[in-house]
Amino acid sequence: MKYDYNKIEPKWQKYWEENQTFKVTEDKTKPKYYVLDMFPYPSGAGLHVGHPLGYIASDIYTRYKRAKGFNVLHPMGFDAFGLPAEQYAIQTGQHPAITTENNIKRYREQFDRIGFSFDWSREVRTCDPSYYKHTQWAFIKMFESWYDKEHNKARAITDLVAVFESYGNKSINASCAETPTFSGSEWKRFSESEQQKILLNYRIAFLADTTVNWCPALGTVLANDEVKDGLSERGDHPVEQKVMKQWSLRISAYAQRLLEGLDKVDWSESIKEQQRNWIGRSEGAEVLFKVKDSEVNFEIFTTRPDTMFGVTFMVLAPESELVDKVTTDDQKASVNSYLEVVKKKTDRDRLADVKNVTGVFSGAYCIHPFSGEEIPIWIGDYVLGGYGTGAIMAVPAHDSRDYAFAKEFNISITEVVSGGDISNESYDAKDGKLVNSDFLNGLEVKEAIKKMNHEVEARGLGKKKINYRLRDAIFARQRYWGEPLPVYFKDGLPYTLKESELPLELPEVDAYLPTEDGDPPLARADGWKFELSTMPGFAGSSAYYLRYMDPHNKKELASRESMDYWKSVDLYVGGSEHATGHLIYSRFWNKFLFDLGYSVVKEPFKKLVNQGMIQGRSNFVYRIKGSNKFVSHSLKDKHDTTELHVDVNIVDNDFLDMEAFKTWLPEYKDAEFMTEEVDGAQKYKCGFATEKMSKSKWNVVNPDIICERYGADTLRLYEMFLGPIEQAKPWNTNGIEGVHRFLKKFWGLFYDQDEKLLLNEEEATDEELKILHKTIKKASEDMENFSFNTSISAFMIALNELPKGCHKRAIIEPLTILLAPFAPHQAEELWSVLGHKDSVTHAAWPEFNESFLTESTYKYPVSFNGKMRYLLDLDINLNKEQIEKAILEHENSQKYLDGKTIKKVIIVPKKIVNIVVG
RNA sequence: GCCCAGGUGGUGAAAUUGGUAGACACGCUAGACUUAGGAUCUAGUGCCUUUGGUGUGGAGGUUCAAGUCCUCUCCUGGGCACCA
């Protein structure tokens, strides 16, 4: 038989489907393992070769774990709500559901073509009402919950109401919006709508006036992680800050737990660090400042209470409500004109303008709480309204931003920490002794912070405080193609549907655009009396890993029983671009469900592997300007040429297929070439560059083409052989022949070129067994470390080392099992050639036998200082005489000993033997 | 500015605890076979001024021994960014 992948691969794909080979149930006799891929958004372009990288890696690991005896859950689904399908709908009028369905079909075909071992019976689609029912359910639960800081968990809102009824809100320590205090009896006297308004301040899913990122071009609000440099992540449209009534999730309540949980997961340091930055914990103090000749006083947040005596001015954020309260009459005009200017700036302007210091004096003064001095209050847009209290004490000597401000407006600068030179720049380091600081003088910064914190609390001026940068997540988008929020309004106040009324299905609309009044598309639906916004993209992906555990459950997201069995995802594979989006939301969502007893683990994803992005490798041709002549790469500098992208599919190893080029685009029909000589032949060599894979750059490589030309097994092997899984790398097919050759060679262990079966039952020699066990050992270790590229190398070495004519079952049968995760189709075929009726999927991973591997040979000698050292391979139990004998027998020993004799052998550590020569 | 991850042949890359740097593969060179192919096989291939020297971005250091550890520095990629 010939290695005919085009026959073998469809054959086994069909077999797997018909036999439900990868279907998995909660088998309590086996240990479980859960391998999850980040499910894709099914885009219209289909999969390119970059997409499957992670899927191939997780599939290999899945198949390995199965062979090791684990019951592996390895599901796949689709993150099917999203913008592209909606935009396509706006252009064409085609319902996004149809577009999505078609795209999913295409994805599924491509997935199947690569031979993934997903359990498709567990497929989930976020746009399916039977799925988003549970997304809506979670939202309702969040609406019906509040965050109890005392017990550090989410609790039912009914508990809160019970407390309110008896004691009011004085004793409640909750994560909530500012709420005036009331007593129990006052609560009972409040009207229904007054009570609901107060409860909204406490709910974890809440509706409130919020400063949001508004993207006019997209017509929707965006979450912080969807905005990069003041532009929308999708489409690069400008984003502005705007106050709007919007749904949010109180994710900030979970900041500390999200931070702490990072220490318990096996993720890359860089992703954890990104999340830590995003959460942005900072420890400091809130201190009260009184405004001179006024009833007003306000709190500021500082991480440097030690520099209290260096305060020479205060700054309020322009959006702070205090601005109006403190501004004096004679400053009113200039303050107002400043506020106007600030208002007009978009986020982007503000970012671009970082170096320009702007601000205005309010006319008012604070009284320094310790020195009693008068301190001017300024307004400046370098202070953010949304962080801390929106007001700061400025210490120009020890904060670079305050320094720049003081210089700009000629405000005095007082040094309070020695060690720097503040004549040209501020001294920000937390290192040095305090000066000019009354009772802090002489203390180190650290001690001074402690002492000042203590003093602040003792005098009732404030308290220690931890601030987080993490914002509550805006949970609404003014779009059509998303989950409807299960909310209706009564007297202008929101109420959620009952669980039994779910799902609230997405209604039909006549167009997918906002209405003329600017309402979201849902306003077009007949008789729609619910919330008009839909949920954001991250909603559906936040708990999908739980749904896979029990995907057909009609009652709940997943049964307790299934969750108790599968617990959490053991291995999660996906791109690092989700570090501050999905991976935070999902952890938050899980913690919330955990608080309510619906999830059984604190962290959803134990181990995370981020596959690197596969970039495109573009090819170029060089056209002489004003002609239809193309010159080869090495000649291009001799002519005045234009560099043009050329379709990489008509280029092989950087050599252009000139005939294909002429038929590629009509304009090149009569193209002429100036070639260069390579290998005695005239060839056209293309230039190349690494760029993001995209249609316009003609560098998209579709996995289907690779499958056609080399087979899916080669594609799988090659993507892994390209390099370490976590590393970004350009795609090129320059080396694909190598792995393809390997598969043919492997086939050659079974069949010769005349397609005659060579497999035999002869006994293996020690040498052959050594090669086998070496390979098993290496392959197993590499599997555990996700080092698939070196694992493949180990196979190649084995094939090189095996003596010619070794076609022994004892050797090639275990090798076939090792190969199966990488090249499952070929392995299945060969497994059946070996006479097995069952799928190779059910074969047990071979164990290596250390006894075949023991080596007691020395490695190499080195000499220095008249002593000889031999490095030994293993910590062998030879005695000194035996070692000495072995060394003397070494072919090189005489050369290194240089005619001298060994006097003494000293065994130093495990591997090194000192030899004193005379 | 701050944080993280990396820099090894012509190319993708290997290298347990510090222990023969460049495994494996591509490419290249020469040869064999041939039904003439983009097939297969054999040998060679870090660099240089080749009986030797040199070499893991650069400069120092520790060590018998450094790609690996330490200090400084340069470059590349990613993230955060007026967060007090």
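It should be emphasised that the depicted structure is a prediction, and the values quoted were computed from it without experimental measurement.
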- Base, sugar-phosphate, or nothing for A:Ser270, non-hydrogen atoms under 4.0 angstrom? sugar-phosphate

- Item | Interatomic distance, A:Lys804 NZ vs B:C41 P [rounded to whole Å] | 8 Å

- Who is the Watson-Crick or G-U wobble partner of B:A81, with both distances under 3.5 Å? none

- Item | Between A:Tyr5 and A:Thr714, a side-chain donor and acceptor under 3.5 Å | no

- Task: May I ask you to establish whether A:Arg276 and A:Trp267 are in a cation-pi arrangement, using a distance under 6.0 Å from NZ or CZ to the six-membered ring centre and at most 45° from the ring axis?
- Result: no

- Query: Could you state the NZ-P distance from A:Lys729 to B:G12, rounded to the nearest angstrom?
  - Reply: 12 Å

- Message: Quick one: does any side-chain atom of A:Arg716 pair with a main-chain N or O of A:Ala57 as donor and acceptor, under 3.5 Å?
- Response: no

- Item | Nucleotide of B:C80, B:A84, B:C3 approaching A:Leu384 most closely (side-chain heavy atoms) | B:A84

- Query: Which of the following nucleotides, B:G38, B:A81, B:A84, is nearest to the side chain of A:Thr302?
  - Reply: B:A84

- Would you classify A:Asn800 as touching base, sugar-phosphate or nothing, given that sugar-phosphate means primed atoms plus P, OP1 and OP2, and contacts are heavy atoms under 4.0 Å? sugar-phosphate

- Item | Centroid-centroid under 6.0 Å between A:His773 and A:Phe848 rings | no

- Rounded to the nearest angstrom, tell me the gap between atom CG in A:Asn610 and atom P in B:G78. 15 Å

- Message: Rounding to an integer number of Å, can you tell me how far A:Gln274 CD sits from B:G77 C1'?
- Response: 12 Å

- Query: Rounded to the Å, how far apart are A:Glu781 CD and B:U17 C1'?
  - Reply: 14 Å

- Message: Using a 3.5 Å distance criterion without hydrogens, assess whether the side chain of A:Arg587 forms a donor-acceptor pair with backbone atoms of A:Leu258.
- Response: yes

- Query: Taking the same atom, P, in B:U56 and in B:A43, what whole-Å distance lies between them?
  - Reply: 31 Å

- Task: State which of B:C3, B:A39, B:A14 makes the closest approach to the side chain of A:Asn789.
- Result: B:A14

- Message: Rounding to an integer number of angstrom, what distance separates B:U42 and B:C47 when you compare their P atoms?
- Response: 23 Å

- Query: If the C1' atom of B:G18 is compared with that of B:U62, how far apart are they to the nearest Å?
  - Reply: 12 Å

- Message: Just to be sure I understand the rule, does A:Pro724 reach a base, reach only the sugar-phosphate, or reach nothing, if contact means heavy atoms closer than 4.0 Å?
- Response: sugar-phosphate

- The nucleotide from B:G38, B:A25, B:A81 with an atom nearest the side chain of A:Phe721 is B:A25

- Message: So A:Arg741, base contact, sugar-phosphate only, or nothing? Heavy-atom distance under 4.0 Å.
- Response: sugar-phosphate

- Item | Nearest-neighbour nucleotide for the A:Tyr387 side chain, B:A23, B:G79, B:A84 considered | B:A84

- Message: For A:Leu758, is there any backbone N or O sitting under 3.5 Å from a side-chain donor or acceptor partner on A:His807?
- Response: no

- Item | Interatomic distance where CD1 belongs to A:Ile736 and P belongs to B:G12 [whole Å] | 17 Å

- Message: By nearest atom, which of the nucleotides B:A39, B:C3, B:A84 is closest to the A:Lys744 side chain?
- Response: B:A39

- Query: Rounded to whole angstrom units, what separation is found between the CH2 atom of A:Trp267 and the P atom of B:A5?
  - Reply: 17 Å

- Message: Using the C1' atom as the point on both nucleotides, what is the distance between B:C33 and B:A65, in whole Å?
- Response: 48 Å

- Are OP1 or OP2 of B:G79 and a side-chain N or O of A:Thr580 less than 4.0 angstrom apart? no

- Query: Looking only at atom types and distance, does a side-chain atom of A:Ser320 sit under 3.5 Å from a main-chain N or O of A:Leu322, one as donor and one as acceptor?
  - Reply: yes

- Message: Classify A:Glu726 by what it touches in the nucleic acid, base, sugar-phosphate, or nothing, heavy-atom distance under 4.0 Å.
- Response: nothing

- Message: Say we look at B:C70 and B:U45: how far apart would their P atoms be, to the nearest angstrom?
- Response: 35 Å

- Provide the distance between the two P atoms, one in B:U68 and one in B:G9, to the nearest whole Å. 15 Å

- Output the single nucleotide from B:A84, B:A5, B:C80 whose closest atom is nearest the side chain of A:Asp399. B:A84

- Message: Could you tell me the Watson-Crick or G-U partner of B:U35, where both distances fall under 3.5 Å? Say none if there is no partner.
- Response: none

- Task: Describe the nucleic acid contact of A:Ile392 in one word from base, sugar-phosphate, nothing, applying a heavy-atom distance below 4.0 Å.
- Result: base

- Message: Expressed as a whole number of angstroms, how long is the span from A:Gln727:CD to B:G12:C1'?
- Response: 9 Å

- Task: Look through every strand shown and name the nucleotide pairing with B:A14 as Watson-Crick or G-U wobble, where both distances are under 3.5 Å.
- Result: none

